[in-house]
Enquirer: 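Just passing along the structure, written as structure tokens.
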Amino acid sequence: MTDWTPPPPGDTREQLPDEILAAIDSPPYTSTACEAAALCAEAMPGRLDLADELGAAADQLHARCRLNNKFTGRLCVCGCHTAPGPAAAEEINTGE
């Protein structure tokens, strides 16, 4: 066993150096939590018997989003985030 714990969301210790980040073109970032939440939401119409559970799971997953990619620093572009939001996140990520 080790005493290592991962850094908290937003921590930049694992982020690539600025010169590396400038040299790569990283795609828009959607966290795995938000991806899984979207899958739950997509399943709801076909599984009305589980609609409440799927909705609750989606809400919980969105709440667990790490908001930024730990390696690139890009912000999650999922529409569930009210601040800064997907358009602002993309602007921050691309500088446009």
Enquirer: Which value, rounded to the nearest 0.5 Å, describes the distance between Gln15 atom CD and Phe71 atom CZ?
Expert: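 Between atom CD of Gln15 and atom CZ of Phe71 there are 10.5 Å.
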
Enquirer: What is the distance from atom OG1 of Thr30 to atom CD of Glu35, rounded to the nearest 0.5 Å?
Expert: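 It comes to 6.0 Å.
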
Enquirer: Could you state the interatomic distance from CD (Glu53) to CZ (Arg47), rounded to the nearest 0.5 Å?
Expert: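 Rounded to the nearest 0.5 Å, the CD-CZ separation comes to 9.5 Å.
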
Enquirer: List the steps, then state whether side-chain contact (heavy atoms from CB on, under 4.5 Å) holds for Cys34 with Cys80.
Expert: CA-CA 8 Å; Cys34 288; Cys80 76; 3.8 Å; yes

Enquirer: Apply salt bridge (Lys or Arg N to Asp or Glu O under 4.0 Å) to Arg64 and list each qualifying residue two or more places apart in sequence or on a separate chain.
Expert: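 For Arg64, no residue satisfies salt bridge (Lys or Arg N to Asp or Glu O under 4.0 Å) once neighbours in sequence are set aside.
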
Enquirer: If you count every heavy atom of other residues, nucleotides or ligands that lies below 6.0 Å from Gln60 atom CD, does the total exceed 12?
Expert: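 No, not enclosed.
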
Enquirer: Find the distance between SG (Cys65) and CG (Leu75) and round it off to the nearest 0.5 Å.
Expert: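 Spacing of SG (Cys65) from CG (Leu75) equals 9.5 Å.
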
Enquirer: Just wondering, do Leu61 and Cys40 contact through their side chains at under 4.5 Å, heavy atoms?
Expert: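 With C-beta onward as the side chain, the pair touches.
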
Enquirer: Working to the nearest 0.5 angstrom, can you tell me the gap between Leu21 CG and Arg74 CZ?
Expert: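 That separation rounds to 10.5 Å.
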
Enquirer: Within the distance-only criterion (no hydrogens, no angle test), does the side chain of Arg66 pair as donor or acceptor with the backbone N or O of Asn68 below 3.5 angstrom?
Expert: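 Pair found, side chain donor or acceptor close to backbone of Asn68.
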
Enquirer: Out of curiosity, Asp52 CG to Met44 CE, how far, rounded to the nearest 0.5 Å?
Expert: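 Spacing of CG (Asp52) from CE (Met44) equals 7.5 Å.
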
Enquirer: So, do Leu16 and Ile24 sit near enough that their side-chain heavy atoms are less than 4.5 Å apart?
Expert: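 In short, these two side chains touch, coming nearer than 4.5 Å.
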
